[in-house]
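Reading through the structure tokens given below for one structure.
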Amino acid sequence: MSYAAYKMKHWPTGIEHCAAGFITHRPSDAAAFSAPAAGPAASSSGADSDADSSAAAARRRLGPTPNLVVAAANVLEVYAVRAEAAPAAEDGAGGASAAFDGILGARLELVCHYRLHGNIESMAVLSDGAENRRDSIALAFRDAKITCLEFDDAIHGLRTSSMHCFEGPEWQHLKRGRESFAWGPVIKSDPLGRCGAALIYGLQMAILKAAQVGQSLVGEDEPTRALSSSAVRVESSYLIDLRALETNHVKDFTFVHGYIEPVLVILHEREPTWAGRISSKHHTCMISAFSISMTLKQHPVIWSAANLPHDAYQILSVPPPIGGVLVVCANSIHYHSQSTSCSLALNNFSSQPDGSPEIPKINFHVELDAAKATWLSNDIVMFSTKTGEMLLLTVVYDGRTVRRLDLMKSKASVISSGATTIGSSFFFLGSRLGDSLLVQYSCGVATSALPDLIDERSGDIDGDLPFSKRLKRVPSDILQDVTSVEELSFQNNMLPNSTESAQKISYVVRDKLINVGPLKDFSYGLRVNADANATGNAKQSNYELVCCSGHGKNGSLSVLQQSIRPDLITEVELPSCRGIWTVYYKSSRAHTTEDNEYHAYLIISLEGRTMVLETGDDLGEVTETVDYYVQGATIAAGNLFGRRRVIQVYASGARVLDGSFMTQELNFTAHSSESSSSSSEPLGVASASIADPYVLLKMVDGTIQLLVGDHSTCALSISVPSIFTSLSEKISACTLYRDRGPEPWLRKTRSDAWLSSGIAEPVDGGGSSSQEQSDIYCIICYESGKLEIFEVPSFRCVFSVESFLSGEALLVDAKGRQDDTKVSLKKEAADSIRVVELAMHRWSGQFSRPFLFGLLNDGTFLCYHAYCYEGLESNVKDNSFSPAGSVDLASASDSRLKNLRFRRISVDITLREDISSLARPRITIFNNVGGYEGLFLSGTRPVWVMVCRQRFRVHPQLCDGPIEAFTVLHNVNCCHGLIYVTSQGFLKICQLPEAYNYDNYWPVQKIPLHGTPHQVTYYAEQSLYPLIVSVPVVRPLNQVLSIMADQDLVHHMDNDATSADDLQKTYTVEEFEVRVLELEKPSGRWETRSTIPMQSFENALTVRIVTLHVTEVYSKESKGAVSAVASLQGHLLIAAGPKITLSKWTGSELTAVAFYDAPLHVVSLNIVKNFVLFGDIHKSVYFLSWKEQGSQLTLLAKDFGSLDCFATEFLIDGSTLNLAVSDSDKNLQIFYYAPKMVESWKGQKLLSRAEFHVGAHLTKFMRLQMLPAPGLASEKTNRFALLFGTLDGGIGCIAPIDELTFRRLQSLQRKLVDAVPHVCGLNPRSFRQFKSNGKAHRPGPDNIIDFELLAHYEMLSLEEQLDIAQQIGTTRAQILSNFADISLGTSFL
């Protein structure tokens, strides 16, 4: 191999930064965002005025809720907080329902997400606090790049409004000769939005001046910007050199409230000190406040305060009316403003400067280093400490003078990496070590009203998710801790304190975002439901990844699977099956809720006949006794008339059935104008789409017919829409879409929406029917690629797009835009591509919007999300060309869905197969399978697409190979399950595995350990997982000292130094143990089989295998910590500090056979045959070989550079051996051993084959054999890829590829750097360059291709794809088949 591909499989989940701001809406629009209780419940409770007032009250209590912006490594996500207010009737009932402070539930819903070409170092929200302006997001990237983003309604996503870069030759002087910096740039914003500030290179402050209201950026002359509310924009920037102001060693800075000009307060150290110098040099920090005058570019000091403790690290600005700043130190907190100051000591280590008064101390002991803070109200700030405790600090003030600070303990929660308050009722705790939580808090609820309500909620935080009986629970750190009183799972234990308001704060967790990071170690083992006979690709889904993730009390074992393997209930052999459907049958007597109704019949279509089964207690065939059409294959089946009837469509006709009796039969004939003679021959149906009470049929000849149902008679009549009788163009795909709900979504996008919605309500008030309205639309795609949406049954065109199949990023209604500038497609490619299937659906949820799907015949899956955009220019244009006289023309153009737009979203699906236009439909939409909703895509590579929080989670299903047909089944024995038919001819009835949470990049199950997991390994013969866990334990100090010191020294210890009083103190130590876990076979529960406690001095060992029956066979003390062990040809290789020893097991003890001295400390060992690779903590990698006859370990070659290794592994490609290593600067390097090359100094030196910047710390590599994909060079069967885990919670792989593929994809990659507009204006090439962080490094070859960049190719439109492929001298099909081969070859798990 000389070439490799880097591909992420699971993106980072550990949240590092979070912020709240009005990104997608203005504060004045926010009331519409969190809905009052749903209509029916409120109106049934009696008078309408009641319901209205309650909703208004709840909204007042909620206040406008901003968006949440989170960043995990290089992933940026914007969420909306959807709160559901409780109806009034229940408030009066004494809060017996799950409502808390007037809110039934809240959840996070994704607005947009981006994967950037750079890690986000810091994030701030620029907000000017005005009611009618939006906020912007400012992001900072290494080394000194700042980008401002704002939400653009036209594209329903973020766009860059300004970029500021202080890098490159002309800014070189800012670094003042330094090359490496501990932190990237830090950015903060002024509370009134006048400016932002970024600290770059440690000593330069960049001031970003915001544009004045009403000014727009240069070159924007659209009328839209001037009229609509724009977001806060940055106009210009300049630098302040902090050295000139004598503020060296800046620790933190912030803007303060309450001044006319922006005031920047900087916390800095005059001259640094360290722990060994505290006795003579302490209280070295100070704060200085600078008034920033941006017009004069002057910044005078207006006040300052000195003599702050040396461990001050954070500065918080106190909100108005108090003003001033809080300086947070590890052992104390200080308040300072221009006029007053006061302090609070947190523990015995806090000291005050000589000669100053004693400062008040709290009555418990706490350390605040590394705490995160957010203001819950104008005088209460919440700290989340390094142990995950929540503390509330109250600033007690009188007028404008602060009297004192009060600190009290509140609850415990996740160890957080960031906290932000969202509006007036929520805060968010972002975490890298556990799951991030959305918490609702309330300041004034009387504590007595809460306990009963909280016990109900603590098990289930999915407040307003769609199903009445929620099937999935949230397996989570917080929920497992319901028993412990402290944890944020809310048994109410409030501490009495002098401050009233902080005492009354109470919490409910409303939602959580799953995190599987930091992945310290993982192992690869068999699943519970593994299939021993599987081969090839299906065999991969026998395995799962068991990972050590989290830390401390958030430590857990994460079990990850890339593909879904359903739990089998029963299977039947059923050859040549073509389709399956389940239908309901609601007789007039039984009234069950729609969500929980059981299916009545299962219809199976075979090659030449149809089978019908009853889905009662067991599946029984009733084919002979029912009136279904059973002599031939069925095309489609479904329910009509509110599930009172079943419709069955077959090639030459259709039947309507009431249970098992036929009530109507229809035969289809051709209605074309030529065959108007009496002999109208029958015509076959190609596909059908059912939307109660309509059925849309597409005939074999490309025409369509509509069956219209009549609710009163439950009968159908055929109608051929007149608009299609004279049509010359053939229809390639069509579908019906039913837009239902209290207010159908598509109505909002009409140009006259405000008219119709205003009139409709009073007209059909009163009856129950007004609650559930539904509009039916017909979506049609022609062979030319044009897409049109019609209203049914009038067939008036309301939306059309010229070229749907090219996959543009946005779809906008084409009526009224006459632009014939479109370049026609390259002919040869365009003729062959067409849309073979369409689907449109809107899943449950009050704020959900419809999705539109299209499947092309080359296997491309297009996926669009609808949104509403009221552009100003569209109305203007329309009025200009409609003459005043023609009323009908005006009304026709008015009723179009002019404000409807679709935005393409990326789904990682590789189908790559040719689909004939007459194939069976592959998209099956499901509304409840195991509590999830989404769609299933059958075919050669079947895939689940689940809709969670309005985002797609794509999970392939490889275990059965190709799947012919799929449907849902809900009956007594199979609760919300599924049926599918494999291409081998087996019908399987299954359920989704319940233990897993599918709202993640991969399905995940988290097992809480309540300790830090360090290493895990898999013992295959008994499928056990030995695991090293450390648990923090509090021990008396004298015990700890006697362990640490040698036993003899204890007697000679100086009695003056340790008084008896000090020895009574306690100290927390980590106690290590080995737990052996087993995954129980039928149940899938994880059980601890045995626990081996470690001695206190053994804590640094890493254990790799414990002998079979867990008894200690042998133990031996080694000098130095054992850091790695491995087995080498039946011997045991042990690395203890700098010494590597090879030992032989004689049957009773280990005897040393050979040894090798490493430079400093060995961090990892890898073995292939008789070769050994080890990584040193500072001295890079060494390559050794072991010779049996002389019994010696000899050095073959080493890397002469210095490198802080994290993980190493061999990368095998056929017969070539490569050495991969990851380092502390987030790079990856691949070396090779070539003694014949001149530059290797006769083989002493390892040569570099490739280098790459990953942007995350890789902690572990695992070598897995690649699957032979059809397109890859087949002569190399012995190909291995490296699967790696990162500290951000990401998983990816490095896979060897052959030269031809590499050259083709590398030239594509170079094209894409310029062809794609990158978010935040980041350059992917500079991001992927090796970062040496100031150390000397000779650049190596660029032989790794980056799939994170290549993924953009599939999101380009068809024209651009063909264009770029032609420019690099290849074809689109060739590129896409390379993509598919690599993703197939690396689809482990």
Side-chain angles (χ1 to χ4, degrees), residues 17-26 66-71 74-78 111-130 133-167 171 184-200 204-220 225 228-240 253-255 262 264 292 294 420 1317-1323:
H17 309 283
C18 56
F22 290 96
I23 308 297
T24 60
H25 55 282
R26 300 171 297 184
N67 296 95
L68 170 69
V69 188
V70 298
N74 64 334
V75 178
L76 177 73
E77 298 179 326
V78 181
V111 178
C112 53
H113 73 286
Y114 297 96
R115 301 205 290 267
L116 314 178
H117 298 290
N119 286 357
I120 297 169
E121 294 288 326
S122 159
M123 174 166 77
V125 168
L126 302 175
S127 157
D128 64 356
R133 292 198 57 197
R134 295 183 180 177
D135 304 343
S136 300
I137 307 170
L139 302 177
F141 303 91
R142 275 188 193 269
D143 284 308
K145 291 187 275 284
I146 300 155
T147 303
C148 298
L149 300 167
E150 60 180 55
F151 189 78
D152 184 2
D153 287 316
I155 59 169
H156 206 267
L158 297 175
R159 66 162 190 191
T160 308
S161 62
S162 63
M163 300 190 292
H164 313 268
C165 181
F166 301 99
E167 291 174 23
W171 297 104
V186 181
I187 189 162
K188 300 276 172 84
S189 70
D190 174 50
L192 291 177
R194 295 165 293 196
C195 64
L199 179 70
I200 52 180
Q204 304 287 337
M205 189 68 77
I207 302 291
L208 309 172
K209 178 176 187 252
Q212 298 300 311
V213 185
Q215 285 185 1
S216 66
L217 293 183
V218 187
E220 279 207 274
R225 288 287 150 254
S228 71
S229 65
S230 68
V232 179
R233 298 255 176 94
V234 174
E235 177 184 71
S236 59
S237 61
Y238 68 96
L239 287 173
I240 300 176
F253 64 98
T254 187
F255 286 95
L264 188 64
I292 308 285
M294 288 176 287
T420 181
H1318 300 291
V1319 187
C1320 296
L1322 293 165
N1323 186 336

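Between the side chain of Asp135 and the main chain of Phe22, a donor-acceptor pair closer than 3.5 Å is present. Side chain of Ser122 to backbone of Ile187: a donor-acceptor contact under 3.5 angstrom is found. Ser161 places no side-chain N or O within donor-acceptor distance of the main-chain N or O of Arg233, the cut-off being under 3.5 Å.
Pro185 and Ala144 make their closest contact through CG-CA, 4.3 Å (heavy atoms, listed as atom of the first residue, atom of the second, distance). Contact detail for Ala231 and Glu150: the closest heavy-atom pair is CB-CB, 3.8 Å. Nearest heavy-atom pair, Ser162 versus Val234, reported as atom, atom and distance to 0.1 Å: OG-CB, 3.7 Å. Contact between Cys1320 and Leu139 at its shortest, heavy atoms only, is SG-CD1, 3.8 Å. A pairwise comparison of heavy atoms in Met123 and Ala19 identifies CE-N, 3.8 Å as the closest pair. Cys18 and Leu68 get closest at one heavy-atom pair: CB-CD1, 4.4 Å.
By the 4.0 Å N-to-carboxylate-O rule, Glu167 lies close enough to Lys145 to be salt-bridged with it.
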Point to revise | Test log, rule side-chain contact (heavy atoms from CB on, under 4.5 Å), inputs Leu239 and Phe166 | key: CA-CA 10 Å; Leu239 287 173; Phe166 301 99; 4.1 Å; yes

**Study point:** Trace of the side-chain contact (heavy atoms from CB on, under 4.5 Å) decision for Ile292 with Ile240
**Key:** CA-CA 10 Å; Ile292 308 285; Ile240 300 176; 4.1 Å; yes

Review point. Would Ile120 and His17 satisfy side-chain contact (heavy atoms from CB on, under 4.5 Å), going step by step from the backbone distance to the final call?
Key: CA-CA 8 Å; Ile120 297 169; His17 309 283; 4.1 Å; yes

Check your understanding: What's the verdict on side-chain contact (heavy atoms from CB on, under 4.5 Å) for Lys209 and Tyr238, showing C-alpha distance, side-chain angles and the deciding distance?
Key -> CA-CA 8 Å; Lys209 178 176 187 252; Tyr238 68 96; 5.8 Å; no

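To the nearest 0.5 Å, atoms SG (Cys148) and CG (Leu208) are separated by 6.0 Å. The SG atom of Cys112 lies 9.5 Å from the CG atom of Leu149; values are rounded to the nearest 0.5 Å. Separating the CZ atom in Arg159 from the CG atom in Asp152 is a distance of 4.5 Å, to the nearest 0.5 Å. Within the model, atoms CD of Glu77 and CZ of Arg115 stand 10.5 Å from one another, a figure rounded to the nearest 0.5 Å. Annotation: the span from Asn74 atom CG to Tyr114 atom OH amounts to 14.5 Å, rounded to 0.5 Å. With values rounded to the nearest 0.5 angstrom, Ile146 atom CD1 is found 9.0 Å from Cys165 atom SG.
Contact annotation: the side chain of Val78 approaches that of Ile137 to within less than 4.5 Å [non-hydrogen atoms, C-beta and beyond]. Side chains of Phe141 and Asn119 form no contact here, defined as non-hydrogen atoms less than 4.5 Å apart. Contact of the Ile23 side chain with the Leu158 side chain is registered, since non-hydrogen atoms from C-beta on lie closer than 4.5 Å. Residues Leu76 and His113 have side chains not in contact (no heavy-atom distance under 4.5 Å, counting atoms from C-beta outward). No side-chain heavy atom of Val75 sits under 4.5 Å from any side-chain heavy atom of Leu116. Side-chain contact check for Asp190 versus Cys195: some heavy-atom pair is nearer than 4.5 Å.
Tested against Arg134, the residues Asp128, Asp153, Thr24 include a single side-chain hydrogen bond (donor to acceptor under 3.5 Å, both in side chains) partner, Asp153.
Aromatic ring centres of His156 and Phe151: separated by under 6.0 Å.
Seen from the ring of Phe253, Lys188 counts as a face-on cation partner, given the 6.0 Å and 45° thresholds.
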